[in-house]
Structure formats: structure tokens, C-alpha cells
Chemist: 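My questions all concern the structure below.
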Amino acid sequence: MNGQHYIGGAWIDGLDYQPDINPSDTREVVGQFPIGGVDEVDAAVAAALSASHAWARSNIQHRHDILRRVADGIAAQADRIANVLAREEGKPLAEALAEVNRASQIFSFFAGECLRLTGEKLPSVRDGVEVEVTREPVGVVGVIAPWNFPIAIPAWKIAPALAYGNAVVFKPADLAPATSLLLARIIDGAGLPPGVFNLVFGKGRVVGNAIVSHPGVDAISFTGSVNVGRGIAADCVAGPSMKKFQLEMGGKNPLVVLDDADLDLAVSVALNGAYLSTGQRCTAPERFIVTDGVHDRFVARLVDGLRAMKVGHALAPDTVIGPVVSEAQLESNLGFVQRGREEGAKLVFGGEPVTGETPGFYMTPALFTDADNAMELARDEIFGPVACVIRARDYDHALALANDTPFGLTAGICTSSLKHAAHFRRNSRAGMVMVNLPTAGVDYHVPFGGRGSSSYGAREQGRYAAEFFTSVKTAYLYAG
Ligand code: UN1
């Protein structure tokens, strides 16, 4: 598969290309993808600018029908897209398919939103004056997406951007460009006017930076690391145009397990959240905060569960944990494991590189016990299948530990106590709270986002997406 940029409704060859490698089997090159530069970004923004005025005023039925066709197109090709996603990102096929279906549902949801745009008409405090509050498109939106959900995250940025009448310049992740290419082809076939949607492949520090600093771009929706997010924030504010921006970044999510938890449920919630998708989710719990009475039983059951999770090729039917996405990410994960041992936590399972049947970036899922919430292991996001158990005296102690983090994306609790569940829901300092459910794996029709270093700006997804992808206008009218 050879990638091309998509600019102004045309497919454009790159000047240079780089291979998209399968992390399950590094002998396989999934495709060659262009390494774009400033020129491609300039062309894409120019195309978006020239299309955005008409698109902002386009008929809502027309917009609805286009987004609906994208949703249907994704669903019709779900198996093929999931296969490509699994091969380039390493997510086991069943999870990849679930993600592709979610992307289709997101487009379907926002197709409906095209028909639900609302405003308000109010009386004025001045006689004879009317006030109208409406939402207008922001203009040209730069979408910068990560590799870990290479179709769902682009979908939940691109679909609302288009639904609310914006033009888009999209930079997919370097490590997972093929899935984005398939999405772009479907969007291309859905009848969008040329220039409304544009795709430029390339490096974050070149293409991403060029989008962020381009004066023609009005807003940036970014998901990725905290460091890159900080840089984007600074650039958006420092530039002459003062762009709007929305950042989804890391997490160091706690999962509290209390003595009264249903142990089977708690173990499955922990395993599912922390280790599926090879732990490469910003919503994964990396800190299991467990009260004394259940601690040893929980750890023993977790280790049994981990032993049963088969690590392997993303396309193998018995694989539960696929490879890590890249060599650099694998090294980073193993570095955290190494330093975790050095700082005194006890590695009770995994954390080793594994030689698979095919050459790939495999490691066994890692579990530490005896971790302290001040350790690096408990403070920095790892973005891999590495979690630690922190012992808590009681519920109050567990809550305090859970909230003691610079992040605040998701937080979970496993308990059968209504009192503790209700108290945790109210007092957790996270944007999303899960009771007896994994901290990862969210619904697509409700707001997504966190607090602290996890997120910045308006929420994503559901109807709350309107906050970011529109700009409020207050219009006064004196009719005499
Ligand atoms: C999920 O857990 O369902 O990058 C979604 C991430 C998040 C998405 C998680 N933005 O992991």
C-alpha cells in the first residue's frame, strides 16, 4: 500500500517515503508513506481556507448525508480496515475491529448532530432589542492524532469538525498511517467538496509544527504526549492568531480495589483496563490501589490472570496482548521496569522482552507490588503493559492516593459498597470515573476528557464536542 497526501480533493505523491512496519512481524512492510513538509501543509491549509466558507454555510441535510456515507463506508470495510490497523499498530484483530466499528458509530452520531444544531433567542434588557445566540464553525481545524487509536481518535475529531461546518487539515500518527489512509479514501468517496478535508502525512515536529504555527489554522485538536501538548499550547497562544486548542494527553489512572469488592470482577476489570491494547491507552489504570484485607488475594489472582494472557502476533486468534508499537516504545517500557526494580518495587510478574514466533516488539505484561505512590513507577505515564500495586490502609487512604497525581483522566473503583462508590464518584479528581468497570474503554456519545496534566480545553465527543468545534456568536438586533 502506498500512501499519498490528500489535498484539495486530489491525491498527491510525496517527495520522500518511509516504511510502515508491522510491530508483530518486522519483516512485513505494511506500506510506504510520504514524509510531508511545510509545502504540503501550506497547500492543505490554502485548500481548506478556500473551501471553508461554503462548507460553513452548507445544507445540513447534505452534511448529514456525507457523514452518514462515511459511517456506512467504514462499516462496509470494517474487516479490511481492522486487518490493516492490527498489522500496523499491533492491536489484536478483535480489538482492532471493535475500534473500527466505534469509528463508524462516531460518524453516525455526528451525522445526526448536523440536524440538531440549535441556538437561543432571548429578550434583551433594552426595549425593542432582540438577542440571538448561535454557534458558528471555528473555521479551519488542525487535527493531530496519535497511533494508539488510529481510526477512533481521528474519527472523534474529524466527524464533529465536519458536522459543525469546519474544514480539516489532518496529520495522522507516523507509526499508524495506513488506517488513516483508508479513512481518507472513504471520506473522499463520500462526496465532500474538495478542500473541506485534507490529509498530510509526516513527522510531528515538521508537519505537526507547521499546522500549529500556520496563521490560516483557527484551532488545533491534539491527542498525544504531555510534552508535545505543552509545546502546542505555547505555540497556539504565542502566534499572531491566538488559536483555540484542545489537548488530550497522558494519564496515570488509579483503580481502587476495596476489601468488599467482587474479586472476580475486580481482577477482570484490572486485567482488561491495564493490559489490553498492550496497555497503550491513556485511560489504562497503571496504579492498582488495594486495601489490606484483599491485597494478597487480588495480587495472586492477577498474576494467575496475567499468566493466562497470551502474548503474540496481532492476527493470531489466541493473542490477547499484541506487540508494543515500536522498538523505541519497547525500550521505554523496559526502562521503566528496570528503574521500578531499582527504586524498590517488587516485580512479581513479567516485564521481560519475549521472542515471538515472528520477529516483533514483544514483552510480557508486567506487574509490580510494594510500590509507593512517590516512585517514578507510580507517577509517570508508561504507555505500555506495566502496572503496579500500591497498598492502602482503608478507603480514605485509597482515595487520597488515587487523587495524588499530576494527571486526572480516569479513575476506577471496585467495591460493593454503595456508600464508597458514591463518595468516590463525587470526590475523585478525574474527568471520568468508573465504578466496577475498567478505566479504559469509553462510550462514544458522552464527553471524554480529564483534569490536571491529562487534558486541556473543551471536552471531546458527544454533544460536548460542539464547545470546541464551534464559536459562539451573540447577535443584537434593533428592529425599530
Ligand atoms: C478508551 O479507553 O476507550 O489515547 C479510549 C487514548 C485515549 C482514548 C482512550 N485518548 O488512549
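Numbering of ligands and ligand atoms starts at 1, following listing order. Below, each value reflects all heavy atoms present in this structure, side chains not excepted, and no hydrogens, waters or symmetry copies.
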Chemist: For ligand 1, find out whether one of its N or O atoms is nearer than 3.5 Å to an N or O atom of Phe383.
Modeler: no
Chemist: Flag the pair Arg301 and Asp264 as a salt bridge only when some basic side-chain nitrogen lies within less than 4.0 angstrom of an acidic carboxylate oxygen.
Modeler: yes
Chemist: On the ring face of Phe468, is Lys244 found with NZ or CZ under 6.0 Å from the centre and within 45° of the axis?
Modeler: yes
Chemist: Taking only heavy atoms of Ala440 into account, list the atoms of ligand 1 that are under 4.0 Å away from them.
Modeler: 2 (O)
Chemist: Is Thr283 close to ligand 1, meaning an N/O of one under 3.5 Å from an N/O of the other?
Modeler: yes
Chemist: Please find the pair of heavy atoms, one from Ala159 and one from Leu67, that lie closest to each other, and give the distance.
Modeler: O-CD1, 3.9 Å
Chemist: Short list, please: which atoms of ligand 1 are under 4.0 Å from a heavy atom of Asn148?
Modeler: 4 (O), 6 (C), 11 (O)
Chemist: Of all the heavy atoms in Trp156, does at least one lie under 4.0 Å from an atom in ligand 1?
Modeler: yes
Chemist: With a 4.0 Å cut-off on N to O distance, would you call Arg307 and Asp304 a salt bridge?
Modeler: yes
Chemist: Heavy-atom contacts with Ile153 under 4.0 Å: which atoms of ligand 1 show up? List them by number with element.
Modeler: 4 (O), 10 (N)
Chemist: Just which atoms of ligand 1 are under 4.0 Å from any heavy atom in Gly441?
Modeler: 1 (C), 2 (O), 3 (O)
Chemist: Tell me the nearest of Ser277, Cys282, Gly273, Ser454 to atom 7 (C) of ligand 1, using heavy-atom distances.
Modeler: Cys282
Chemist: So which protein heavy atom does atom 5 (C) of ligand 1 come closest to, and at what separation?
Modeler: Arg102 NH2, 3.2 Å
Chemist: Examine Trp156 together with Phe448 and report whether their ring centres are nearer than 6.0 Å.
Modeler: yes
Chemist: Do Glu376 and Arg379 sit within salt-bridge range, that is, some charged N less than 4.0 Å from a carboxylate O?
Modeler: no
Chemist: Salt bridge check: are Asp235 and Arg230 linked by an N-O gap of less than 4.0 Å?
Modeler: no
Chemist: Check whether any N or O atom of Phe149, backbone or side chain, sits under 3.5 Å from an N or O atom of ligand 1, and answer yes or no.
Modeler: no
Chemist: With sequence neighbours excluded, what pairs up with Ala261 under the side-chain contact (heavy atoms from CB on, under 4.5 Å) test?
Modeler: Val257, Ala266, Cys414
Chemist: Show the atoms of ligand 1 that are less than 4.0 angstrom away from any heavy atom in Arg281.
Modeler: 11 (O)
